Amino acid sequence: MASRFVSQRALVESAAGGGAKVWQEIIKLSQQPHIVSNLGQGFPDFAGARVAREAAARVLEGTDASSLKLNQYSPVPGTARLRAALLRAWKSSAPASDAYTEEDNVVVTTSGTEGLYATMQACLNVGDEVLVMQPYFPWYVPCVRMAGATPVCVSLEPGTWRIPFEALERAVTVKTKAVIVNTPHNPTGHVASAGELERLSRFCVEHNLLVVSDEVYEPFVFKRASETDGARHEHVRIAHLPGMQERTVTIGSASKMFSLTGWRVGFLYGPKALVNAVNIVHSYNSYCAPTPLQDGVAAALEDMYCKGDSSEIWAEIKDLRDSFEDNARLLVDALRTVGVESSVPDGGYFLVADVARFPLPGAPRGARTTDVDFSRWLATCGVICVPMSCFYSLDGGPVPDSLVRFAICKRKETILKAVEAIRAGRSC
Ligand code: PMP
């Protein structure tokens, strides 16, 4: 009877099961008191950007006229200060021909998650199809479905995690409206090269598709990325490639940029008509992002784009980038000593390991270990990781069953505790 009051849309998502159920189990496991190292969810376990926190604190505590105003609603698309700072950040890598303005092309959203949701609501109609590359950030598929459209999943090239152009060509139809791309990539750590993104641009122009480019991990491209494949990898905005600005929505977030996942401040850039449509959805969804926190994010961006070499935030980001890369190295080495091989990430917050040959205590000799069994067992040793099957759709081709994801966006001591537990592994 109670389900009479629940919408069909919500019922579909709550029945989706599979990955979503496993994900909930992992969150529950991570809350147990014996957990010493939570490498499950991608949130930092250190303080976020000081410049942002102090600027927001001044607004929260201030009683002057300007602070009072900043504790109330902001305009729907965000405060003028933050939009100006976001536009400056955008222009820092845009071609000279870029004509974006803060009025027409920038929206502050209530998190990157809301940016994705609002974009899907703003651009999709019932019957549209959206190409989604898996493994993926698990919010993409429900966001597409909740907009009434159909996600069509294709798998990234296993191991290299490159964009699978042949599979995309096979999957595109007259109903395809958009493709979602994510670089640096969650969960694989792949950073799409300029060559890949140029080819994706040609594909989108040829088939007249919108690109939803999820770039929330943009500052985190590792040093090693410049050596992979002999090609130089750096963060490339697909929107800045020829012909792409009019067909790209770029999503970003203070969650990752400033290590402030609890603030729920995100942003997006796009062509005027789409940004107008996103603003309409955003206004009915949350109206505006938290105003005092918008001021904190603006202060951090101003530090990055107005202070040149003396920017505290850039120094912090560079340190974090190096420490995440070191964390990945530590984990890769520790996992190798217990027979687990990993894909070394080129960027982002995560690394992926294959546990098929890891001998679980008590399992028959030579038995294959699955991602879910390994993750449950590792939790008993005090370490949390996430089974990668959570990041696949059941109707998008074969789902690998022995890959797990570890978050590397943590303090070194958190990683060292995990390394210790993994090494002690078989005896625990
Ligand atoms: N995109 C990707 C690829 C992510 O991993 C995340 C968060 N884990 C988001 C978007 C959303 O970020 P937030 O809602 O915290 O801004």
Side-chain angles (χ1 to χ4, degrees), residues 19-20 23 26-27 30 38-45 48-49 52 78 82 86 107-120 130 132-144 151 153 156 161 163 178-192 211-221 235 237-238 248-269 278 281-282 285-286 288-290 293-294 296-297 300-301 324 345-352 384-386 388 390-392 405-410:
W23 182 259
I26 294 296
I27 300 287
S30 72
N38 181 359
L39 308 187
Q41 244 182 325
F43 62 85
D45 61 353
L82 179 50
L86 286 166
V107 187
V108 179
T109 54
T110 314
S111 78
T113 301
E114 196 225 6
L116 284 164
Y117 182 81
T119 302
M120 299 307 165
V130 178
V132 187
M133 292 176 257
Q134 60 180 9
Y136 47 56
F137 174 51
W139 270 244
Y140 296 153
V141 162
C143 274
V144 170
C153 296
L156 294 166
W161 310 115
I163 297 177
V179 55
I180 304 176
V181 64
N182 170 215
T183 181
H185 189 252
N186 171 12
T188 67
H190 176 65
V191 175
V211 178
V212 179
S213 184
D214 180 342
E215 302 179 20
V216 299
Y217 297 103
E218 65 172 285
F220 301 104
V221 177
H235 182 66
R237 285 201 197 286
I238 192 166
T248 306
V249 174
T250 303
I251 305 233
S253 172
S255 289
K256 314 294 171 173
M257 192 123 158
F258 303 122
S259 309
L260 294 164
T261 61
W263 279 27
R264 315 316 291 140
V265 178
F267 44 89
L268 63 77
Y269 304 93
V278 165
V281 178
H282 171 56
N285 200 34
S286 62
C288 65
L293 306 184
Q294 290 189 54
V297 173
L301 284 165
F324 295 171
D346 281 336
Y349 265 28
F350 306 103
L351 84 76
V352 171
I384 297 294
C385 66
V386 183
M388 281 270 285
C390 293
F391 306 104
Y392 283 83
R405 186 193 80 172
F406 290 94
I408 52 174
C409 54
K410 305 285 176 174

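Remember, predicted model here, so these are calculated numbers, not experimental data. Computed over heavy atoms, backbone and side chain alike; hydrogens, waters and symmetry mates excluded. Just so you know, ligand 1 is whichever comes first in the structure, and atom 1 is the first atom listed for that ligand.
Scanning all protein heavy atoms for the shortest distance to atom 2 (C) of ligand 1 gives D214 OD2, 3.3 Å. For atom 16 (O) of ligand 1, the closest non-hydrogen atom of the protein is S253 OG, 2.5 Å. When only non-hydrogen protein atoms are considered, atom 5 (O) of ligand 1 lies nearest to Y217 OH, 2.6 Å. For atom 8 (N) of ligand 1, the closest non-hydrogen atom of the protein is K256 NZ, 3.1 Å.
V265 approaches Q294 most closely through the heavy-atom pair CG2-N, 4.5 Å.
Note on ligand 1: R264 sits in its first shell, one or more heavy atoms being nearer than 4.0 Å. Residue contact check for ligand 1: H185 places no non-hydrogen atom closer than 4.0 Å to it.
A salt bridge is defined here as a Lys NZ or Arg NE, NH1 or NH2 lying under 4.0 Å from an Asp or Glu carboxylate O, and R237 with E218 meets this definition.
Considering both main-chain and side-chain atoms, S255 comes within under 3.5 Å of ligand 1 through a nitrogen or oxygen pair. Here's the thing with T113: one of its N/O atoms is less than 3.5 angstrom from an N/O atom of ligand 1. Of the N or O atoms in G112, one or more lie within a sub-3.5 Å distance of an N or O in ligand 1.
Counting heavy atoms under 4.0 Å from ligand 1, residue Y349 does not touch it at all.
With ligand atoms numbered from 1 in the order given, ligand 1 contributes 3 (C) to contacts under 4.0 Å with heavy atoms of N182.
You'll find the ring centres of Y140 and F137 inside the 6.0 Å limit.
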